[in-house]
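Note that the structure is predicted; figures quoted are calculated from it, not measured. In what follows, chains are A, B, ... by sequence order, proteins preceding strands, each numbered from 1.
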Amino acid sequence: MTGIDVVGPQLAVLAAAAVVLLIDALMPQQRRVLPYIALVGLVVSALWTTSWVARDDYKTWFDGTLALDQYSVFFYFLFAGITATVVLASIDWVNREGRGQGEYYALVLTTCSGLMFLSAARDLITIFLALELSSIPQYILAGWGKDQRSSEAGLKYLLLGAVASSLLLYGMALLYGVTGTTLLVDIAGSIQADGESHRAVLVLAMCLLIAGFGFKMAVVPFQMWVPDVYQGAPTPVAAFLSVGSKAAAFAVITRVFFEALGARFLSDDWSMIFAVLAAVSMTLGNVMAIVQTDIKRMLGYSSIAQAGTFMIGLAAISVSGHEFTLGASGVLLFVAAYAFTNLGAFVAVIAISQKIGSDQIKDYAGMWQRSPFLTVALAFCLVSLTGIPPTVGFWAKIYIFNAGIRADLAWLVIIGVLNSVISGYYYLSVARQMFLGESSDGAKIPTSPSIGMALGVATIGVLVFGIVPMPLISAAHNAVEIFAQH
Amino acid sequence: MLFLESVASPPSIGEEWLWAILCAPLFAWALIVLYGRKLGVVSGYLTILGVGVACAISFAVLFNVIDADGGIATHSHEWFSAGPLVVNLGVRIDGLTAIMLVVVTTVSLLVQVYSIGYMEGDPGYGRYFAHMALFTTSMLGLVLADNLFQLFIFWELVGLSSYLLIGFWYHKPSAAAAAKKAFIVTRIGDLGLLAAILLVWTRAGTFDIAAVQDWATSGDAKGYIVTLFALGIFAGAAGKSAQFPLHVWLPDAMEGPTPVSALIHAATMVAAGVYLVARFFPVFEASSDARDVVAWIGAITALIAATIAIVQTDFKRVLAYSTISQLGYMMLALGSFGYVAAIFHLFTHAFFKALLFLGSGSVNHSTNTFDMRKMGGLRKYMPITFWTFLIGSLSLAGIFPLAGFWSKDEILLDAWRHNHALWAVGATVAFMTAFYMFRAIFLTFYGEYKGGEPVDHHDEDSHFHGDPKHPHESSWVMTGPLILLSIPAIAAGWFAYHETFGNFINGALPAVREEGSSFEFGIAISSTLIALAGIGAAYAIYYRRWVTSESLRATFAPFALLFENKYYLDRLYEDFLVKTVLQRGWNALLQANDRYVVDGIVNATGRLGRELSTRLRVVQTGQVQSYGLAIGAGVIIIVVAVYAANPL
Amino acid sequence: MQLSLLIFIPAVAALVVMVLPQRYEQQAKWIALVASLAILGLSIQMFFAFDLDQGGFQFVVRREWVDIGSFNLQYFLGVDGLSMPLLVLTTFLTLASVLVSFSITMRPRAYFACLLLLSSSVIGVFCALDFLLFFLFWELELFPMFLLIAVWGSGRKEYSATKFVLYTIAGSAFMLVGILVLAFNQDTFDIEKLGQANFQGTLIPLTWVFLLLFIGFAVKLPIVPLHTWLPDAHSDAPTAVSVMLAGVLLKMGGYGIIRMCVTIMPKQADDYSIWFAVIGSVSVLYGAFITLRQTDVKRLIAYSSVSHMGLVLLGIGALGKVGLVGATYQMLAHGVITGLLFVMVGLMYERTHTREISRLGGLARQMPLITTGMVFAGFASLGLPALGGFIAEITVFLGTFQRYEWAVLMSIFGVVLSAGYVLWMLQRVVFGPVRHEWDDVSDQRHWWEHSVVVVLAALVVVLGVYPALMMDMIGPAVDSIMLRVGA
Amino acid sequence: MDGFGVTAAFWVLAALTLVSAGGVMASRNLLHAVLFLIVTFIGIAGFFVLLSADFIAMAQVIIYVGAIAVLVLFAVLLTPRAGRDNGETKMAAPAWLLAVCLAAVFIFVIQDTNWHVLSTSPDLSAFDLGEALLGTWVLPFEIASVLLTAALVGSIMLARTPQEEAEDALA
Amino acid sequence: MNVGIEHFLVVGAILFAMGLGVALSKRNAIGVLMGVELMLNAVNLTLITFSRFSVSDRPVSGQTFVVFVITVAAAEAAVALALAVSVYRNRDTVDVDRLDLLKS
């Protein structure tokens with residue numbers, strides 16, 4: 001029973017998925033309710049998670065393959081929220097596309113459960129499966145659209161994903177081979193015992209893991225699929241990809257590297273790797289975003305840059321356990337902030353492009369006249385992405401740069417701040433289009449309630465946590481306390 | 001010297017009275033500014049009232065100081081302070097101040113009265129009197145100030161009111177330009193004064209005039225510092241008193257209403273420079289270099305201005321240039337230890353020059369022009385004006401026994417004592433002065449009337465009444481002041497003849513040099529003869545026409561050209577220095593730098609980014625395999641890099 | 001308590017204005033007016049309640065806000081003699097800019113919301129005592145400003161708005177690094193503590209930190225050659241925004257340099273004071289020379305601002321009491337005077353719809369009152385005695401002369417040049433022959449315009465004739481800084 | 001592990017696997033490639049037997065050869081007009097270069113490491129495996145089932161023809 | 001001469017590399033998929049090798065891993081082929097180098 005209880009949140013989500021499928025199959029007329037069932041499932045799962053927080057009995061289950069700790073709880077909430085927003089944002093699109101609605105929501109929910117497992121897994125096998133559980137439905141969703149671009153995006157995503165996960169697998173295999181176990185804690189122990197002698201193979205495994213997860217995190221040089229897939233995939237799915245899988249990847253990589261590969265002789269190496277990757281990702285992502293004309297592509301590149309910024313947190317490992325967690329909590333904070341912000345941006349894009357049927361930035365001209373609400377919300381999210389108060393993005397930026405400085409990574413932080421200037425440039429140019437451009441037709445853009453709600457949630461989150469960041473920061477901080485013990 | 005034994009007691013007059021002098025016109029100004037629209041004509045009387053009160057008190061002060069044998073009294077209060085910087089507001093009276101007060105208030109009063117008539121019906125009537133009141137206030141403040149800081153403040157305010165009054169008829173482009181020119185040129189001089197203030201505060205740590213005098217004379221200040229300070233002071237003075245090379249603004253300043261020219265640009269403000277140098281006379285005593293500079297600049301100014309005055313055809317400009325040259329005279333005197341003489345000349349000059357200007361105004365009022373070639377024979381139409389003007393001219397020319405004679409004579413004496421070359425210049429100038437004044441008189445008041453300037457009724461800005469065809473004497477409000485002013489123009493010299501005046505003025509100084517007698521027959525007779533010669537020459541050329549001016553001009557063509565073009569100084573300044581070098585050259589360069597270099601770099605950075613971005617796009621070929629390659633290559637590179645970074 | 005109110009009244013008012021229903025949108029201005037009056041009254045009350053004898057920070061508010069291990073941020077407000085006058089200045093100009101915007105009809109709700117947000121953030125900058133809080137407010141001002149220029153501006157408004165934002169972001173990017181390094185070394189963001197700390201073994205050399213912070217502030221000041229955003233922003237911004245920009249936003253730079261660079265890192269400030277003097281005097285002259293070439297009234301005033309703010313840097317460079325007091329006073333004076341100038345130009349622009357000097361002329365006949373205002377403001381800005389600018393300028397000169405005579409001797413030429421451009425502008429714009437183009441314009445005026453002009457003019461005069469009012473407050477604050485500098 | 005039989009078996013299997021893999025690489029015809037792939041799978045299964053993982057070997061044969069390969073064949077047949085050709089893209093040369101480098105790195109690492117090896121094979125029966133699957137790793141086991149379902153559902157949706165979609169929309 | 005762990009690992013490594021080469025060089029999507037399958041098999045081989053040789057208290061975990069890999073591979077293959085088919089429907093081709101609507 002306790003086992004069931006432990007995986008309750010995921011079960012709730014999956015159950016919702018099953019119900020959705022059944023209703024879709026048995027009573028097609030009732031399709032309108034599907035998304036709301038999905039939402040119910042997500043709410044239940046969130047409540048379930050809350051009950052843990054209330055009970056406060058954190059431990060690991062299934063012989064240590066699944067961890068039930070503040071860390072996973074943090075991400076459970078996050079993923080539930082993300083998925084809910086995505087579901088809300090999808091409704092209009094799915095109704096219009098009219099292709100297997102039940103299946104769509106079911107897959108979204110499945111992905112969500114996969115993400116949850118991913119954030120809680122403490123065992124290589126479980127991680128691998130959870131990763132696939134969150135990826136394969138996403139491959140499908142990316143190809144869900146009927147047009148060529150969508151299926152092309154799906155296929156590209158899948159092929160590259162397969163290659164990347166093979167690399168990941170090989171890395172895991174090596175890790176297993178050296179340590180003789182797949183449990184992260186035992187791996188850590190065995191490395192502590194006689195890791196030094198196996199440094200070569202460990203480094204190789206480490207790099208392969210970085211490649212595998214880096215693909216999901218979308219950091220240079222594993223990022224190149226991002227713009228294509230974002231542009232081709234249905235916008236709600238792109239939103240899901242841009243926050244869901246990225247967040248999960250960061251969740252898992254943080255856990256794996258801090259728990260299993262935390263040994264000094266490794267962490268010195270990988271913190272440097274992360275630092276370099278961070279610098280490259282930020283710069284490349286931002287520079288390439290400058291000339292983009294398609295807003296989804298632009299957001300894709302910007303998400304690469306953002307990933308680079310998260311990585312400062314991963315790179316920010318210094319000696320004392322305290323600062324150690326500072327970097328990790330920076331990652332979590334940034335992930336959450338980014339989730340709110342980017343979702344908001346994507347939802348706004350969904351609403352707009354549904355109406356004007358284009359993702360070209362130049363077609364956003366004069367939005368300010370056509371839909372003040374959407375314009376302001378989108379502009380707001382862009383401001384948050386730039387890291388200007390009063391938005392949550394500001395806090396994330398400050399916090400993670402602070403971590404970087406304290407980890408003696410001044411050079412990286414300087415690169416970071418310069419990049420925030422570049423990003424300011426292209427985010428502003430979008431805002432400029434919307435506020436100043438002259439729109440060809442002044443037709444108002446209505447906002448459907450679901451979209452409005454999704455957007456509202458995201459923007460409120462951005463604003464509220466921008467003004468009272470304390471809860472979010474402390475949550476992130478407590479979540480990573482578990483690493484302090486190692 | 002008699003008064004040195006008798007200890008000079010500080011004047012007993014109460015401080016509040018001194019402040020009252022300052023405040024009376026100030027209130028008039030404030031009232032007009034606040035209620036100017038409603039007041040209408042009353043504003044004029046208001047100003048007269050204010051200035052009158054000030055005038056009355058000033059005389060009281062004068063006598064009080066005389067009773068006190070030219071003692072000194074200062075009252076000082078802290079205004080604001082920031083650490084070591086302590087700035088006071090205070091008043092100081094002594095002989096010098098008292099004389100200046102009297103001069104300023106008296107002339108001002110008479111000019112205001114005159115203005116009632118002159119400005120009658122002008123749309124800016126109220127504004128005019130407001131400015132006048134403001135000017136009087138600031139001039140009095142300048143005179144009363146007991147420290148350099150405060151003095152500088154009123155110094156600038158004087159400049160402001162001068163600007164406003166020159167540009168009074170702002171719709172005339174020439175007036176607007178002249179006003180701007182006056183302010184800027186004087187401000188250039190003020191730079192020196194400002195620098196001097198900075199210097200003295202950092203070196204002496206005080207602004208107080210007495211303290212500064214002590215500091216300069218005590219000798220614990222380095223010689224060159226004192227010289228620099230003195231030169232700074234003189235630069236300021238040169239600006240206000242229109243000394244070469246900063247004299248160019250004064251002739252243009254005649255664009256203002258004539259009473260303004262009389263009050264500000266003849267009698268009082270332009271004398272402020274002389275006053276300033278006199279104020280710090282001990283400093284100049286302490287530095288002979290500075291003194292020589294003053295003397296020679298004065299001499300040059302006097303000469304240049306006189307030469308230009310000879311060829312002017314504009315009635316007022318003749319007077320303007322003569323003013324410049326007389327100011328040069330005063331400077332010359334100061335430079336040659338003629339402290340008393342300078343003040344004395346300032347005193348007399350104030351009266352007869354004001355008289356002359358008001359006379360010219362009266363002429364203009366009936367002929368609607370200042371061009372002497374359009375006048376002539378006015379003697380019979382406007383007798384009062386003629387006679388008073390004649391008195392003024394004689395006095396200026398320095399004919400015994402008029403006021404000008406005594407003061408000019410004393411200056412020449414000091415010059416002779418100090419340096420014969422200076423005396424020679426002075427004498428030449430004296431000759432020219434007599435010459436051009438009587439040239440003006442003969443052209444204006446003798447011969448046949450040439451009809452003046454016909455009235456242009458389309459110009460809504462002209463407020464000329466009457467008919468230039470038939471000139472007439474002006475009304476009593478205008479002639480009255482003329483008559484009143486001619487009295488000091490005649491008599492002002494006498495009571496200065498014996499030494500009381502000198503002692504009295506000297507009382508303002510911390511220490512007094514031995515001075516010889518202030519009169520020598522040799523100098524007196526020679527200068528009189530020179531003046532008479534000048535008059536005679538004018539009589540020969542412009543009345544009898546034994547020699548025609550044309551032929552003379554032809555003979556001395558190059559000189560005439562030089563004079564008529566004012567030595568090309570205006571061209572040099574405006575066309576060459578300002579327009580060409582500064583605007584078209586230097587500033588254009590800087591602006592180009594701003595636009596193309598500074599902004600250029602910024603925009604170039606942006607373009608570079610876009611360029612880079614477009615270049616990088618080609619990497620994104622859309623080929624899955626290339627993406628896969630990137631992944632694989634990434635792994636290998638990272639692994640190898642790590643192994644290389646810290647080998648196994 | 002009062003400080004929190006000062007910050008939150010405008011912020012809340014902004015929210016209220018934003019949610020105002022469509023049909024009441026013309027009422028937005030009244031709400032804005034009430035809010036700005038409220039903060040003005042409050043700040044004046046504080047100004048007189050400020051205890052001159054007891055130095056240090058007053059009206060302190062201190063709350064833990066974010067406190068996570070090594071990332072602890074307090075909501076820590078307070079004012080001393082340095083910030084109090086600037087605070088009053090801000091509230092005054094807020095009122096002024098609200099009043100001059102009374103005739104705004106395009107999207108008034110958003111407009112006034114942005115304006116109030118702007119003023120709230122500037123107030124925050126001036127009274128924040130936690131470095132991170134300071135930074136927050138510093139950045140908070142960006143987006144409203146961007147919108148105000150970009151939406152309600154004129155001309156190449158997009159370009160100018162973007163330029164403004166990018167310059168500021170770039171500057172504050174450097175600043176952020178500096179802040180974090182300092183905070184890391186002392187393990188606190190508390191400005192008061194940092195102000196007494198002595199730093200050893202900072203992550204990057206303290207000199208670099210100093211330069212990072214300095215660049216951040218200097219962009220705002222602005223100094224040559226980081227100034228080119230200013231003329232563009234000014235010439236394209238609406239009047240009220242120009243008033244705020246020139247009046248208070250530039251002052252944030254000077255305030256930052258004094259409060260952060262000089263107070264926290266006096267040693268470095270001492271080493272680099274010569275560069276302050278150089279840059280300051282160069283800015284003075286460079287700005288003034290270029291001003292002489294301007295043909296657009298607003299650009300002209302903008303460049304003159306560059307020149308005048310150079311004096312602030314010069315005064316700081318003296319690192320002496322007189323110099324710092326002068327610098328602060330110059331900030332106040334320039335704030336009011338330039339504000340007034342922009343108001344006058346704005347009023348003129350509303351009537352003639354041009355700012356091209358070559359097209360204007362002879363307006364004195366049509367609009368005597370506006371002319372009077374312009375002449376007054378013009379003379380104030382060229383440093384006429386008995387008006388605010390003079391006291392400030394001469395105090396700066398006196399304060400700096402001891403240390404850097406050459407710099408001052410260079411800078412005083414700015415005095416002549418300023419006379420040059422101001423009078424030239426007046427001559428060309430308001431004087432000269434009447435142009436029949438402008439026969440029908442007149443300065444029949446609304447009470448609000450009238451009151452703005454009167455209030456600001458009065459302020460200019462007060463600053464000019466009663467300097468003790470401010471100096472007695474600034475002096476003690478500067479003293480404490482001087483203790484730190486050890487001069 | 002030694003003994004001639006084993007050694008011989010290893011080399012034979014290695015040759016078989018790698019050569020057939022090379023066949024997959026080389027063959028221009030997709031169908032041939034599939035056949036080579038199947039041979040490779042079988043070779044791998046042989047290795048499994050050699051490594052005394054009999055159950056896995058069986059699973060390998062059943063699933064890969066039985067399922068996946070067939071799946072691939074279906075795909076080939078379902079896309080007739082795409083042609084049977086299995087040529088390389090422009091990216092071929094760099095791809096091979098990359099492969100070689102990767103192999104080099106791997107082999108280097110493998111050789112460099114001194115593996116702690118067991119002398120005797122741990123005898124693992126299918127029973128142990130089952131126990132592990134339903135014990136420790138029951139969670140991944142369940143996840144796998146969900147995963148398969150999801151994949152199934154999704155694939156069906158993607159593979160449906162427009163007509164099916166249309167009538168589905170009507171319903 | 002006897003075969004040790006390295007031999008098996010080397011075979012796995014080579015196979016993996018070949019798989020990658022195939023995956024990155026083939027034009028036909030299905031060819032690419034085969035490459036991926038090869039890589040997975042290589043991984044499986046490696047895992048089994050380790051579970052046979054390496055010192056561990058749960059040698060069975062290696063085999064378990066393989067079971068899951070096989071399962072996932074199957075699922076992946078299924079989805080891949082479905083996608084390939086849907087692409088084919090849109091474009092009449094499964095050549096990945098002609099799938100470049102989305103780029104730069």
Side-chain angles (χ1 to χ4, degrees), chain B residues 33 78-85 87 127 138 149-150 152-157 159-160 163-164 167 170-173 175-177 179-181 183-184 186-188 190-191 194-195 197-199 201-202 460-461 578 582-583 586-591 593-595 597-599 601-603 606, chain C residues 163 166-167 224-229 231 286 289-290 292-294 320-322 325-326 329 362 364-365 375 379 382-386 390-391 394-395 397-399 401-402 405 408-409 412-413 415-416 419-420 423-424 426-427 430-434 466-469 471-472 474-475 478-479 482:
Chain B
V33 167
E78 175 172 329
W79 183 24
F80 68 92
S81 70
L85 171 67
V87 178
R127 185 159 55 94
S138 30
F149 196 99
Q150 183 182 352
F152 185 70
I153 289 180
F154 288 106
W155 183 266
E156 292 288 318
L157 288 179
L160 166 70
Y163 170 86
L164 294 172
Y170 51 75
H171 47 79
K172 280 168 46 188
K180 181 186 74 182
K181 185 177 180 184
F183 194 91
I184 293 175
T186 45
R187 208 137 213 250
I188 293 172
D190 296 348
L191 280 189
L194 185 56
I197 292 177
L198 299 176
L199 187 66
W201 185 73
T202 42
E460 69 275 17
D461 294 322
V578 173
L582 191 62
Q583 280 294 54
W586 177 241
N587 294 353
L589 182 74
L590 288 188
Q591 200 183 13
N593 168 63
D594 222 34
R595 186 170 303 151
V597 178
V598 180
D599 258 1
I601 289 173
V602 175
N603 300 336
Chain C
K163 203 172 178 182
L166 286 183
Y167 262 89
V224 176
L226 303 178
H227 64 288
T228 45
W229 62 271
Y286 189 93
F289 279 126
I290 292 190
L292 283 167
R293 290 276 300 182
Q294 297 313 309
K321 174 162 184 182
V322 183
V325 171
Y329 208 85
R365 172 62 52 98
V375 175
F379 272 93
L382 62 76
L384 186 80
F390 168 76
I391 303 284
I394 196 161
T395 319
F397 289 149
L398 287 167
F401 196 72
Q402 278 154 317
E405 295 186 345
V408 174
L409 291 177
I412 56 177
F413 280 95
V415 173
V416 173
L423 298 184
W424 179 77
L426 290 177
Q427 178 197 354
V430 290
F431 298 147
V434 179
Y466 185 28
L469 178 69
M471 289 205 175
D472 293 350
I474 302 170
V478 171
D479 282 329
M482 294 321 294

Spacing of [atom1] belonging to [X] relative to [atom2] belonging to [Y], to within rounding of 0.5 Å:
X        : Y        : atom1 : atom2 : value
B:Arg595 : C:Ile290 : CZ    : CD1   : 9.5 Å
C:Glu405 : B:Leu198 : CD    : CG    : 9.5 Å
B:Arg187 : C:Phe413 : CZ    : CZ    : 13.0 Å
C:Arg365 : B:Tyr170 : CZ    : OH    : 4.5 Å

Highest number of heavy-atom pairs under 4.5 Å with chain B: which of [options]?
options                                : answer
C:Gly326, C:Pro225, C:Ala364, C:Pro467 : C:Pro467
C:Asp472, C:Asp479, C:Val416           : C:Val416
C:Leu292, C:Ile474, C:Leu426, C:Thr395 : C:Leu292
C:Ile394, C:Leu166, C:Val325           : C:Ile394
C:Gly475, C:Pro433, C:Ala468           : C:Pro433
C:Val224, C:Val322, C:Leu226           : C:Val322

Is it the side chain or the backbone of [X] that comes within 4.5 Å of chain C heavy atoms, both, or neither?
X        : answer
B:Ala179 : neither
B:Phe149 : side chain
B:Asp190 : neither
B:Trp586 : side chain
B:Ala175 : neither

TODO: Please assess C:Leu469 against B:Phe80 for the test side-chain contact (heavy atoms from CB on, under 4.5 Å), listing each intermediate value before the final yes or no.
DONE: CA-CA 9 Å; C:Leu469 178 69; B:Phe80 68 92; over 6 Å; no

Task: Test log, rule side-chain contact (heavy atoms from CB on, under 4.5 Å), inputs C:Phe289 and B:Leu589 - done: CA-CA 10 Å; C:Phe289 279 126; B:Leu589 182 74; over 6 Å; no

Between [X] and chain B, with a heavy-atom cut-off of 4.5 Å, which part of the residue counts as in contact: side chain, backbone, both or neither?
X        : answer
C:Phe397 : both
C:Trp229 : neither
C:Val415 : both

Close side-chain approach of [X] to [Y], heavy-atom, < 4.5 Å:
X        : Y        : answer
C:Arg293 : B:Leu582 : no
C:Gln402 : B:Trp201 : yes
B:Ile197 : C:Phe401 : no

- [ ] List for me each residue that meets ring pair (Phe, Tyr, Trp, His ring centres under 6.0 Å) alongside C:Tyr329, sequence neighbours excluded, and say none if there are none.
- [x]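 If we apply the ring pair (Phe, Tyr, Trp, His ring centres under 6.0 Å) test to C:Tyr329, skipping adjacent residues, there are no hits.
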
Heavy-atom pairs under 4.5 Å with chain C - which of [options] has more of them than the others?
options                               : answer
B:Leu160, B:Ile601, B:Leu157          : B:Leu160
B:Asn587, B:Val87, B:Leu194           : B:Asn587
B:Leu85, B:Leu191, B:Asp594, B:Val598 : B:Asp594

TODO: For the residue pair B:Tyr163 and C:Phe431, categorise the inter-ring angle as parallel (less than 30°), tilted (30 to 60°) or perpendicular (more than 60°).
DONE: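 B:Tyr163 vs C:Phe431 ring planes: tilted.
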
Task: Shortest non-hydrogen contact between B:Ile184 and C:Gly420, atoms and distance - done: CD1-CA, 3.7 Å

TODO: Taking all heavy atoms of B:Ala82 and all of C:Met471, pick out the closest pair and write down the distance.
DONE: CB-SD, 4.2 Å

TODO: For the pair C:Tyr167 and B:Val602, evaluate side-chain contact (heavy atoms from CB on, under 4.5 Å) and give the outcome as yes or no after the intermediate values.
DONE: CA-CA 10 Å; C:Tyr167 262 89; B:Val602 175; 3.1 Å; yes

Task: C:Gln427 side-chain N/O to B:Lys180 backbone N/O, donor-acceptor pair under 3.5 Å - done: no

